Amino acid sequence: MRRARVAWLAVPTLALGLLGACSHVPPIQEMSDARQAVQAAREAGAGSYARSALDQAEGRLVKAERAIKSYDYPEARTEALAAREGATAARRLALSLRAAQASLEGADGAGVPVPQAWADLEEARRAAAAGRPAEATELAERSRASAEAALNQHYLEGARDLLAGLEKRVSAMSAEDRERYSAARAAFYGNDGRRAYESARALSLSPSGLVLHCPRVEPALAH
């Protein structure tokens with residue numbers, strides 16, 4: 001019993017010893033992780049899309065490097081971890097803003113108006129500039145999702161009209177085109193608007209899918 005008690009009391013002492021030992025060890029891995037995260041954020045375009053968040057992360061990394069030189073390893077570790085977290089947030093924000101911009105431009109290119117999505121994107125940019133990366137990322141994601149939903153609905157409506165016309169000509173289609181027709185229908189009912197529309201449109205232009213408005217010609221009677 002006494003030995004067990006002694007062992008139990010030794011656990012906190014051991015933990016404190018390890019913690020103290022860590023305070024004298026340079027945070028090599030943490031610094032490496034922070035530098036990689038900052039570099040990844042830069043490569044993702046954070047310098048253009050998430051400048052404020054990237055600046056903060058780079059500032060924390062500079063503080064970590066100064067702490068290393070001063071042999072203040074606990075401070076260096078704290079700043080390195082903060083730099084990595086900030087850089088990760090900056091990268092996520094940059095990617096979200098870029099994706100939202102691309103989705104909105106895609107909607108505009110297809111003639112699909114998405115005014116609320118544009119408003120959300122502008123608000124996201126303001127939040128990013130003000131140093132609120134979490135809020136900015138949420139707004140950017142909402143903007144992207146809204147634009148993609150509107151564009152998908154646009155394609156679904158186009159696919160629906162094309163499939164309605166093709167349905168009347170299924171019996172005249174080749175076996176290959178019937179398979180393509182089934183695939184287009186599957187995409188439509190699977191809510192994949194772009195795939196359904198592009199598949200149906202391509203099929204509508206194939207020889208067995210074209211609408212041929214020709215007068216019916218009766219065969220000549222044999223004399």
Side-chain angles (χ1 to χ4, degrees), residues 33-62 81-166 180 183-205:
D33 291 344
R35 292 189 183 101
Q36 290 180 31
V38 168
Q39 183 59 33
R42 291 170 181 161
E43 292 174 356
S48 300
Y49 293 91
R51 183 73 262 176
S52 179
L54 179 61
D55 284 345
Q56 291 180 26
E58 290 176 334
R60 301 301 290 266
L61 181 58
V62 169
L81 292 173
R84 184 187 66 179
E85 182 179 352
T88 300
R91 178 178 181 274
R92 186 183 306 116
L93 173 55
L95 293 175
S96 294
L97 287 171
R98 289 173 59 185
Q101 178 75 28
S103 294
L104 269 64
E105 289 176 353
D108 277 359
V112 180
V114 284
Q116 185 56 54
W118 279 110
D120 286 340
L121 179 57
E122 288 305 312
E123 184 63 25
R125 288 169 174 163
R126 286 192 288 270
R132 302 194 302 272
E135 178 186 347
T137 300
E138 182 179 353
L139 285 164
E141 287 298 316
R142 187 168 74 190
S143 172
R144 177 193 58 77
S146 178
E148 290 182 356
L151 186 58
N152 188 61
Q153 184 60 35
H154 170 74
Y155 280 121
L156 284 173
E157 291 171 0
R160 179 190 59 202
D161 295 340
L162 288 170
L163 289 170
L166 289 168
R180 294 166 64 191
R185 278 174 54 87
F188 177 81
Y189 287 109
N191 202 41
D192 189 343
R194 182 186 289 272
R195 182 180 178 186
Y197 174 78
E198 291 178 350
S199 298
R201 186 173 184 276
L203 182 56
S204 71
L205 297 176

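Since the structure is predicted, the reported quantities are computational estimates derived from the model, not experimental observations. Residue numbers start at 1 and run along the sequence shown. When reading the values below, keep in mind they use all heavy atoms of this one structure, side chains included, and skip hydrogens, waters and symmetry mates.
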Next item on the list: Using modelled atom types only, decide if a donor and an acceptor are shared between the side chain of S199 and the backbone of R195 within a distance under 3.5 Å.
Entry: yes

Checklist line | Backbone of P133 reached by a side-chain donor or acceptor of T137 within 3.5 Å | finding: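 Confirmed, T137 side chain pairs with P133 backbone.
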
N-O pairing of [X] and [Y] below 4.0 Å:
X: R194; Y: E198; answer: yes
X: R126; Y: E123; answer: yes
X: R42; Y: E58; answer: yes

So, taking the atom named [atom1] in [X] and the one named [atom2] in [Y], what distance separates them when rounded to the nearest 0.5 Å?
X: Q36; Y: D33; atom1: CD; atom2: CG; answer: 6.0 Å
X: S146; Y: L151; atom1: OG; atom2: CG; answer: 11.0 Å
X: Y155; Y: D192; atom1: OH; atom2: CG; answer: 11.5 Å
X: H154; Y: Y197; atom1: NE2; atom2: OH; answer: 7.0 Å
X: R60; Y: R84; atom1: CZ; atom2: CZ; answer: 13.0 Å
X: R180; Y: S204; atom1: CZ; atom2: OG; answer: 9.5 Å

How close do [X] and [Y] get, heavy atom to heavy atom, and via which atoms?
X: A184; Y: L163; value: CB-CD2, 3.9 Å
X: A147; Y: A107; value: O-CB, 4.5 Å
X: A34; Y: A83; value: CB-CB, 4.1 Å
X: A100; Y: A140; value: CB-O, 3.5 Å
X: L54; Y: G47; value: CD2-N, 3.7 Å
X: A94; Y: A50; value: N-CB, 4.3 Å

Next item on the list: Report yes or no: do Q116 and D120 form a side-chain donor-acceptor pair below 3.5 Å?
Entry: yes

Check: [Y] and [X] side chains under 4.5 Å, non-hydrogen atoms:
X: S143; Y: L104; value: yes
X: N152; Y: N191; value: yes
X: R160; Y: L156; value: no
X: W118; Y: D108; value: yes

Determine whether more than 12 heavy atoms belonging to other residues, nucleotides or ligands lie under 6.0 Å from atom [atom1] of [X].
X: Q39; atom1: CD; value: yes
X: R201; atom1: CZ; value: no
X: E141; atom1: CD; value: yes

Next item on the list: Just do the salt bridge (charged side-chain N to carboxylate O under 4.0 Å, His left out) check on R144 and E148 with the steps written out, would you?
Entry: CA-CA 6 Å; R144 177 193 58 77; E148 290 182 356; 2.9 Å; yes

